[in-house]
There are 2 protein chains.
Amino acid sequence: MGKGSAAQDNVIDYINVEQAVGAKHHQLDGDAAGEGKVSISQVAAHAGVSVATVSRVLNASQAVRESTRARVTASIHALGYRVNQLARSLRTDESRLLLVMVPDIGNPFYAQIVQGIDEAVQARSYALLLCETNGDPFRERRYLDLLHTRRADGAICLDPDTVQQARQAEALHFPWVACCEFDRGAGIPYAGIDNRAAAREAAAYLLDKGHCRIAFVNSDTRYMYARERLQGYMDALAAAGIEVEDEYLVRAEGLDFAAGRSAVAGLLALTDPPTAIFAVSDTLALGVMRGLHDSGLSVPGDMAVMGFDDIDLARQTCPSLTTVAQPMRDLGRHAAALLLRRLDTQKSGAEGIILPHSLVLRESA
Amino acid sequence: MGKGSAAQDNVIDYINVEQAVGAKHHQLDGDAAGEGKVSISQVAAHAGVSVATVSRVLNASQAVRESTRARVTASIHALGYRVNQLARSLRTDESRLLLVMVPDIGNPFYAQIVQGIDEAVQARSYALLLCETNGDPFRERRYLDLLHTRRADGAICLDPDTVQQARQAEALHFPWVACCEFDRGAGIPYAGIDNRAAAREAAAYLLDKGHCRIAFVNSDTRYMYARERLQGYMDALAAAGIEVEDEYLVRAEGLDFAAGRSAVAGLLALTDPPTAIFAVSDTLALGVMRGLHDSGLSVPGDMAVMGFDDIDLARQTCPSLTTVAQPMRDLGRHAAALLLRRLDTQKSGAEGIILPHSLVLRESA
DNA sequence: CTGAAAGCGCTAACAC
DNA sequence: GTGTTAGCGCTTTCAG
């Protein structure tokens, strides 16, 4: 990613900041402000060249005689000049900022994806505009407006696909990629996993272990992943010739710990309770485990529990959680790479990428 | 916060986006691009007024005859005009972007603070530039550069104060506030809690419960909070007339679960092991609990455990964690308010604000 | 290799 | 009330 891209990046931006700042001390030609108010024309004057030339050395573009370059560089340091990105952006019409729309930054799953994005974007010196949407279409629209108003060059969206759907029309015209939540047919690039297959494998594993009464704790079906994973669960049951019991399908309100915890009671009250519970997310599964514990049941002795995501916590609980691992960081990295590529080439190349998942067997199932 | 500030905000920016976008359909006067390429002068032409007038209605400034305003507004919608923030920023010299420098966004403690900041900043239509530093001075400097290059109007820093110290000189001149980590004497505004008092109270509670051999699991002392909390711990012991045992002072590598977990072994190997463990963060405490569990010890039966922060997880573990609660969201909100105020008034008013903490008694101690 | 000059889209005096 | 105009600081032809 981004081998040939260095050329696009600015050369002076981040080098020699040390000197630039230190130079303030011997800043003799005191302009009114004296603080970071140095413009390119002052550098030009100081170096005895034109602004065009300063711009050239700034951008390492075209040929500049070595001696001239040295003189300009010296002036830049002497004056403590810092490029004004606002002006540059206006001129070049690119902000080098990327929008990241995430439902909830407090959710470690999303946090890790953001870290992946950040990682991929660092080298290209893009910065991230963090937008927490809570899956709210209104807030998303509002944020997306940052794109319209030229404050960001592109966006990565982790929001539910129902929300994304609403933005369809715009999505086609704007540099926008989806991450985790996506619609293959929507014509916008995405990075995600095969949720259906992953859920199928997880359920199959439970089936293999001899469980035939498996409950499925789902979350908000506005999320594509929730629907797909349900499908996978049903696929597995069907393949095993087992009827899907409506009673075993519970839809938690939310996808956090509390939701999982309170989902347990109903399942336990059934005349024919399940022997295993498959939750669509680790946070949910953790809540389920707690709910089980509250009821005096042991995991996996009395009830097997399977999660989804493999957040750090899954390894830390007691018993540790058997779950489906998603490559969060990679998901973020790939989404970012797709966006960057689109930004570079202008052409949308609307393919998506499906990353591998894996079953992580631990203690809970 | 920000009652009278609405005037500063842009009026057209976020209203009627609906119509603006919908208007694309009947966009007859097709300019080459046709997409978001409408400038203020085109609106002016379409409405038969000057750009100054358009600018006036855009900014709700000065008086504009009602009929004119209506005509301009109509043209804005008809053309699907969106203000170019880049241009506006260059002109007004404010980006309406704020830097948030956080050591680790994957840490739920920081994530919640960021949410608080976001909340406070929304109403003023500032957006957040997320900068994950890992407490690395180099990365921080690099990010801080966004400030120098005019991409952000101010910064909120959650980094260790040793890192902040290095930026001292610049901090005085730039709109910058500290959150959680701060130095009272540094002359930069901050939002935080009284770590020393909080730790003292926590240790005192343990003492009250009859523990006199209390271990203290600390993290990186580059963090002010780590040093302050150690002080508080020592204060409490001193007040109780108990000698501080060096053996009981363990410094974990890092402040995550793994660090806490591995810190336990040494404590248990002591000839005279402690009866209680006080960790400087919940994540650490959770790891400690796990380490204890690994060794077959029960909490609080065999060993009491006390944490710090009160992240969501503290309520969710089993046994639940007794800890010192920090008002994360409020911390973020106040830090943001301080920054915004500084941005509004220009004057630094370098006071800080100390928010209340509280002891949350649960099962682990 | 270097300079002059034309804007990017917007705001803010300053006129009328 | 409204229009004219001068830039904000930068990049980028186009000449030389």
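Both backbone and side-chain heavy atoms feed into the values below; hydrogens, waters and symmetry mates do not. Reminder, nothing fancy here: chain letters follow the sequence lines and each chain counts from 1.
Of the listed nucleotides (dT11(D), dT11(C), dG9(D)), dG9(D) has the atom at the smallest distance from the side chain of Leu90(B).
Remark: Asp93(A) engages Lys37(B) in a salt bridge, criterion side-chain N to carboxylate O under 4.0 Å.
Look at CZ on Arg96(A): it is 17 Å from P on dC10(D), rounded to the nearest Å. In this entry the distance linking CZ of Arg151(B) with P of dC8(D) reads 22 Å, nearest Å. To the nearest angstrom, P of dG9(D) lies 16 Å from CD1 of Ile76(A).
For the OP1/OP2 pair of dG9(C) and a distance below 4.0 Å, the side-chain nitrogens and oxygens of Arg88(B) include no atom meeting the criterion. Between Asn84(A) and dC8(D) there is no side-chain polar atom (N or O) within less than 4.0 angstrom of OP1 or OP2.
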Using a cut-off of under 3.5 Å, enumerate the N/O to N/O pairs linking the protein to nucleotides 2-6 of chain D.
from	atom 1	to	atom 2	distance (Å)
dT2(D)	OP1	Thr68(B)	OG1	2.4
dT2(D)	OP2	Arg65(B)	N	2.7
dT2(D)	OP2	Thr68(B)	OG1	3.3
dG3(D)	OP2	Ser50(B)	N	2.9
dG3(D)	OP2	Ser50(B)	OG	3.2
dG3(D)	OP2	Thr53(B)	OG1	2.7
dG3(D)	N7	Arg56(B)	NH1	3.4
dG3(D)	N7	Arg56(B)	NH2	3.4
dG3(D)	O6	Arg56(B)	NH2	2.4

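Under the 4.5 Å side-chain criterion, counting only non-hydrogen atoms from C-beta, Tyr126(A) is in contact with Asp153(A). Here the side chains of Glu140(A) and Pro137(A) are not in contact, with every heavy-atom distance at 4.5 Å or above.
Within the 4.0 angstrom heavy-atom criterion, only backbone atoms of the sugar-phosphate kind lie near Ser39(B); the bases stay farther away.
The overall bend of the helix from dC1(C)-dG16(D) to dC16(C)-dG1(D), read as the angle between its terminal helix axes built from five base pairs each, is 40° when rounded to 10 degrees.
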